[in-house]
Structures are given as structure tokens and as C-alpha cells.
Amino acid sequence: MKVVESLEVLWQTRKGLPGPVGFVPTMGYLHQGHLQLVRQAKKQSASVVVSIFVNPTQFGPGEDLASYPRDLSRDLTLLKTTGADLVWTPTSEEMYPEGFQTWVETTQVTQPLEGSYRPGHFRGVTTIVAKLFNAVQPDLAFFGQKDAQQAAVIQQMTRDLSYPIKIVIVPTMREGDGLALSSRNIYLNQEQRAAATVLYRALRAAESAYLDGERSGAALRSVMIETIKTEPLAEVQYVSCADRVSLQELDRVTDGALLSMVVYLGKTRLIDNWILE
Ligand code: AMP
């Protein structure tokens, strides 16, 4: 496994990689969810490139950019064991050189849900992912269903900018009790960690209502809210039952709809989602 930092060396090394090239962008502090993307990339590609970059432009003021967990040497060990071929760890200075002023913006699917609580977040995401795509020139790129809106935004951006890249969405990896793996789970104390299963429980309660015949979006949203309310440590920011492509809220729900939510445990902001089938 080769580890490179500068764009120049990345370009050079990229030229020698056998195709198809699969790409997994990450912010590091890797867990099994990230490694699942790498494993999937290995199945579908001849070479696997992973980037590790905590992208400053997707964090808003007051968010956790400075404290975002980092452990590069552990990440590199995990990636080597999992079989990545090339790891790129760009610097902020090179990704955002002085005087930087060119942005990539997807205008509609970025507006609801995360977009309404994290203004500017997706502009940072689409800009960095476009830059990573330009540099790595992958044939396939792998993203987690865990960040459902991000996946929808990247698919839209890829279509709109005509990137010749196949976007593969990988199912969410969970702990045994249902909590979605996340780098931010490290912030949870023991009580909060126990309470954090409420996201999964709320999603499954709404799914169960759907399977019992409930087709009202409002009713499914209130099933999620009522479940979250049973957990005193949890504070809901939003719940949603939306079309999985446009992310518009649904009145009448059909198969393929996306349930999603953000719940705070103390200061930790947890996100999760579930697709109704
Ligand atoms: P991040 O490092 O948080 O930016 O995540 C990098 C990629 O890993 C994104 O495509 C995420 O959606 C994906 N990811 C994060 N957590 C999980 C998980 N529990 N299961 C599957 N993919 C995940």
C-alpha cells in the first residue's frame, strides 16, 4: 500500500494503477463502516484508492472541525489490512490554496434535511468531492447509505457535471444493538451510548407501522418522534419521511421511501436512516 500526500505525487502514482480504479473518500478515524466501503471497492475494482481529509469547508461555525477525531497511523494500519492500494492524505493548504474562490454547488437536493440545519455543508462536500474526483479520476466511487442525503447529492452532482464515474452506495454498518457506526460515536459517554440505540429503534418502529399498513407520512414521522421521546437523554432535531431521490417530504408513502433523523445525545449529533421496502 502506497501513502501519498502531495497532488503531484498522487497524479504520478494514479497513472500507474491498473483499472478499473475504485475510490473511497473519507475523513479518517476509520471504523468498520468505512472498511466495508473499501471491501466493496475491492470487489468491483482492480485498484482501490482511499482519501483521508477532514474537509474544513463542510463544517459550519460552532461545529466540531477542531475536535474531529483523528488517528492517521491507526487508519493506515486498518487500510493496509483491508487491502487498499493507495492512500491519499491531502493537506488543507493544497486543497484550498490561498485565494481559493471556486465552488461546486448542487442547488436543490441540498436544501431540505441536513441542508436546512447545516447551511453551506453540502457546498463544502460537493466542492471537495469534485476536487477529489478530478485528482483521482476513479472509474467507481463508493459512499455510505449512512449519509443518505450526501449520497443523493453526490449522485446528482455526478450526473450534472457528467463525471464518467459509477457511484456505488453501500449499506450502513451497525453495531449489534443497531447503532450505526460513526466516527462521532467516540464522543458518547456510557449512558449516552446506551441511549443512542433510540435512533435505530425509532426507525424500526416506523418501519413496523409501515409494514402494518400505515401509509401516512405524518403518522410515520410521529411514530419516530414518539419513540425518541421515550429516551430522556435524546433530543430530536428532525425526523423525515421523504422521497429518496428528491428528499421532499411525503404525504402518502410507498416502497423506497427514506426515513431519516437527527438526534442529539448531549452535544453529539447523530444521524441515521432507513429505506422502507
Ligand atoms: P466520513 O469519514 O464520515 O466522511 O465517511 C466516509 C464514508 O463512509 C461516507 O461515504 C460515509 O457515508 C461512509 N460511512 C460512514 N459510516 C458508515 C457506516 N456505518 N456504514 C457504511 N458507510 C459508512
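For clarity, every value in this text was computed on a predicted model and none was experimentally measured. Every number for a ligand or one of its atoms is a count from 1 in the order of the listing. All residue numbers refer to positions in the sequence shown, counting from 1.
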Short N/O distance, under 3.5 Å, between H34 and ligand 1? yes
Can you tell me if A151 has a non-hydrogen atom under 4.0 Å from ligand 1? no
Counting distance only, does the side-chain N/O of T230 pair as donor-acceptor with the main-chain N or O of T227 below 3.5 Å? yes
Per-residue contact class, P171 against ligand 1 - non-hydrogen pairs under 4.0 Å: backbone
I'd like to check whether D147 has a polar contact with ligand 1, where a contact means an N/O of the residue lying under 3.5 Å from an N/O of the ligand. yes
Would you check whether L181 has a nitrogen or oxygen atom less than 3.5 angstrom from a nitrogen or oxygen atom of ligand 1? yes
Does the distance from a Lys or Arg side-chain N to an Asp or Glu carboxylate O, for R269 and E114, drop under 4.0 Å? yes
Hey, what's the ring geometry for F23 with F133, parallel, tilted or perpendicular (30° and 60° as the breaks)? perpendicular
Using distance alone, decide if ligand 1 has a nitrogen or oxygen within less than 3.5 Å of any nitrogen or oxygen in M27. yes
Going by the atom numbers of ligand 1, which of them fall below 4.0 Å from some non-hydrogen atom of G144? 9 (C), 10 (O), 11 (C), 12 (O), 13 (C), 22 (N)
Under 3.5 Å, is there a donor-acceptor pair between the Q190 and R193 side chains? no
Consider side-chain contact (heavy atoms from CB on, under 4.5 Å). Of V239, V198, L199, which one does M224 pass it with? V239
Here the atoms of ligand 1 under 4.0 Å from any heavy atom belonging to F143 are 10 (O)
Return yes if some donor-acceptor pair links the side-chain N/O of T127 with the main-chain N/O of W103 below 3.5 Å, else return no. no
Tell me the contacting part of M173 for ligand 1: side chain, backbone, both, or neither, using a 4.0 Å heavy-atom threshold, strictly below. both
Side chain, backbone, both or neither: which part of L37 comes within less than 4.0 Å of ligand 1 when only heavy atoms are counted? side chain
Taking only heavy atoms of P25, which atoms of ligand 1 are found under 4.0 Å from at least one of them? 6 (C), 7 (C)
